[in-house]
Amino acid sequence: MIKLLIVDDEQIEREGMQAILEKGFPGIVVRQAKNGRMAVEMAGAFRPDLVLMDIKMPGMNGLEAVELISADNPAVKFIMVTAFDTFDYMKQAIKLGVKDYVLKPSKASEIVVTVGKVIGQIEEEQKKLAESKVQQEALQKTLSLVETDVVTQLLFDHVHEVHLDMLVEMLDTPSTDEMFVMLLMLPAGSEHLYPTVKEKVRRTKSGWIGALYGSQLPVIVFRDRSRSYRAQATALAREILTLGSSDPIQGWFVGIGSVCDSLNRVRESYHDALMATVNTGLPVKYRFSSDVTIMGAGSEADLNRHQKKEFADEVRLGQWDEIHQYMMNLIQCLEKERAELLHTQQRVQEVLWVASRVLSEMGVEMGTPMYSFNLLDYRQLRTETGQLLDRMRQAYIGHYARMEADTIHQLKQFIMEHSHEDITLDALADKVGLSPIYISKMFKEKLGVNYIDFLTECRIEKAKRLMGDPERSIKEITFEVGYHDPNYFSKVFKKMCNMSPKEYRKTLLGNKV
């Protein structure tokens with residue numbers, strides 16, 4: 001819808017011009033102003049696309065009004081209406097960006113032709129702007145999905161450098177060489193607030209947010225060198241927790257991991273953050289991993305082992321004999337130090353909780369491991385610990401026994417057939433009824449690549465085939481294979497193929513292009 005403002009001090013001229021334009025361009029919205037000052041005031045609220053401006057008017061003349069309106073709305077276009085066909089007037093008008101002029105008097109057909117040219121330009125610009133907006137929204141949606149999946153794979157798998165490079169370059173995030181993980185624990189029933197939390201973190205432009213798995217929402221936070229690590233983390237944790245203050249379901253908690261110096265080591269910070277969430281019943285609803293109480297120096301190295309990624313990896317890989325041996329060694333270590341039975345039970349239970357949360361991430365259904373109300377001695381502690389580990393082992397084995405043998409084939413086929421769509425780990429997980437983290441793990445183990453790499457390979461291979469058709473432009477191919485921005489597509493293509501799409505097409509078609 002084109003909005004047009006007619007400015008002339010003579011009412012009969014305004015009325016006549018409006019009648020001609022409404023007849024020539026049905027659907028346009030027309031307003032009138034009887035002098036330059038009124039035109040400036042109306043333009044602020046009406047926001048016209050085109051102004052037909054009389055040059056000679058009492059008070060503020062047309063050229064002065066054009067200058068003021070342009071300063072407030074640079075996109076508006078002007079056609080001057082004048083009885084003075086003089087070089088000096090038009091020279092000034094051209095400097096102000098006026099598109100054309102109409103002489104008084106002019107035939108209706110001449111007015112329609114002149115105005116029609118400018119309206120055509122406006123419509124073309126609006127069309128391009130609308131297309132650009134759709135593309136930008138689609139690109140932002142894609143980047144958001146990629147960001148979520150990359151966070152998941154950084155914490156639980158491996159991410160190809162192509163995607164990390166693209167994210168660092170294209171996401172509006174102050175990426176630095178230091179970062180840490182914050183892990184938000186949401187109580188059951190609060191999952192609907194995930195989009196609100198995601199938007200809150202995104203507005204801070206401080207990091208990348210992952211997907212919500214069970215009750216866990218991980219965020220990779222990039223260090224802000226203008227303040228200390230603890231000040232930055234505390235401020236963000238409190239901002240997030242304000243969202244939970246209005247939640248009738250209590251239980252929000254944030255675990256904060258240690259600072260690491262590269263994305264390759266960010267998993268260590270995640271496991272620190274996970275350990276910091278073991279006890280969510282604290283009065284202060286956030287805790288730094290460095291504040292987790294560790295027992296005496298003699299057992300510190302052994303007790304700290306479960307905070308590291310190796311323990312969680314053993315759980316993910318189902319190395320239950322190693323896990324069992326570690327737990328028995330931990331109990332023995334504490335018993336030798338003459339630790340109180342209740343304290344040892346609490347420490348061992350913390351480790352079991354970490355293991356159960358890792359299983360939950362993988363989609364293995366199992367309740368929280370709990371001991372009897374009162375343990376009598378260390379022998380009973382060993383027995384019940386072994387029983388809890390056996391329950392975990394059986395839940396793990398049963399989970400994978402229920403999987404279809406052709407699951408990986410189903411996923412590969414689905415990705416190949418739908419590679420042009422915005423496919424996420426969550427979508428794949430829903431497709432086969434598995435957890436997103438397990439999907440990522442299975443791709444890496446069975447195919448030797450993660451799912452983003454496989455999806456990218458499918459898209460690039462399809463792009464290569466389409467480039468054999470000289471009638472298709474690179475831009476058309478970009479959208480057809482599932483990307484929303486030609487520049488992004490070109491960068492990924494060059495990373496994967498060591499040449500740009502144009503160079504590849506030239507090699508492929510030779511003299512045909």
Side-chain angles (χ1 to χ4, degrees), residues 1-137 139 475 486:
M1 179 180 66
I2 302 294
K3 294 191 289 185
L4 190 148
L5 177 62
I6 299 172
V7 187
D8 199 302
D9 60 323
E10 297 183 25
Q11 183 175 351
I12 190 169
E13 293 287 347
R14 297 196 304 270
E15 298 291 350
M17 185 69 74
Q18 180 166 347
I20 291 171
L21 294 177
E22 287 180 337
K23 182 178 179 181
F25 307 99
I28 66 170
V29 178
V30 181
R31 296 286 185 272
Q32 297 181 18
K34 63 182 180 181
N35 56 52
R37 189 162 299 282
M38 181 181 290
V40 172
E41 294 173 357
M42 288 185 64
F46 181 48
R47 308 299 289 179
D49 301 296
L50 174 60
V51 177
L52 269 68
M53 180 76 72
D54 187 15
I55 290 182
K56 295 287 287 182
M57 292 182 290
M60 182 184 293
N61 67 40
L63 294 177
E64 292 171 332
V66 166
E67 190 170 2
L68 290 174
I69 293 172
S70 294
D72 182 57
N73 183 8
V76 69
K77 292 179 171 48
F78 296 90
I79 294 176
M80 305 309 293
V81 182
T82 178
F84 302 88
D85 187 12
T86 66
F87 176 76
D88 287 340
Y89 275 121
M90 294 319 301
K91 185 177 178 181
Q92 293 180 57
I94 289 170
K95 284 183 178 179
L96 293 172
V98 171
K99 292 297 179 181
D100 212 328
Y101 71 100
V102 172
L103 287 174
K104 292 182 181 180
S106 289
K107 295 179 180 178
S109 59
E110 293 174 347
I111 294 173
V112 170
V113 169
T114 300
V115 174
K117 289 178 182 178
V118 181
I119 286 180
Q121 293 176 18
I122 294 171
E123 290 175 336
E124 184 64 27
E125 289 176 6
Q126 289 181 344
K127 180 181 177 183
K128 288 181 179 178
L129 186 63
E131 290 176 351
S132 176
K133 185 177 180 181
V134 169
Q135 290 175 18
Q136 284 300 314
E137 289 175 351
L139 176 61
K475 185 176 181 180

Item to complete: Side-chain contact test, heavy atoms from C-beta onward, threshold under 4.5 Å: evaluate it for Met17 versus Asp8 and give yes or no.
Response: no
Practice prompt. Check the pair Glu13 / Val81 against side chain to side chain contact (heavy atoms under 4.5 Å, CB included), numbers first and verdict last.
Written response: CA-CA 10 Å; Glu13 293 287 347; Val81 182; 5.9 Å; no
Item to complete: Show your reasoning for whether side chain to side chain contact (heavy atoms under 4.5 Å, CB included) applies to Leu21 and Ile6.
Response: CA-CA 10 Å; Leu21 294 177; Ile6 299 172; 4.2 Å; yes
Worksheet item: Between Glu64 and Asn61, is there a donor-acceptor pair closer than 3.5 Å when you use the side chain of the first and the backbone of the second?
Response: yes
Practice prompt. Of all the heavy-atom pairs spanning Leu50 and Ile122, show the shortest one and how long it is.
Written response: CB-CD1, 3.8 Å
Discussion item. Could you report the tightest heavy-atom contact between Lys56 and Asp9, atom names first, then the distance?
Written reply: O-OD1, 4.0 Å
Worksheet item: At what distance, to the nearest 0.5 angstrom, does CD1 of Ile20 lie from CD of Glu22?
Response: 11.0 Å
Item to complete: Could you list the residues that satisfy side chain to side chain contact (heavy atoms under 4.5 Å, CB included) with Lys127, not counting sequence neighbours?
Response: Glu131
Worksheet entry | Test log, rule side chain to side chain contact (heavy atoms under 4.5 Å, CB included), inputs Ile69 and Met53 | CA-CA 11 Å; Ile69 293 172; Met53 180 76 72; 4.0 Å; yes
Worksheet entry | Shortest non-hydrogen contact between Leu5 and Pro48, atoms and distance | CB-CB, 4.1 Å
Worksheet entry | Shortest non-hydrogen separation from Thr114 to Ile79 and the atoms involved | O-CD1, 4.1 Å
Fill in: Pairing residues for Asp49 by the salt bridge (charged side-chain N to carboxylate O under 4.0 Å, His left out) criterion, not counting sequence neighbours
none
Item to complete: Grab the two heavy atoms, one from Met80 and one from Gly62, that are nearest each other, plus how far apart they are.
Response: CE-C, 4.3 Å
Please table the atom pairs, donor to acceptor, closer than 3.5 Å between any side-chain atom in residues 23-47 and protein atoms at least two apart or in another chain.
unit_1	atom_1	unit_2	atom_2	d
Gln32	OE1	Arg14	NE	3.1
Gln32	NE2	Gln18	OE1	2.5
Asn35	OD1	Arg37	N	3.3
Asn35	OD1	Met38	N	2.7
Arg47	NH1	Asp72	OD2	2.9

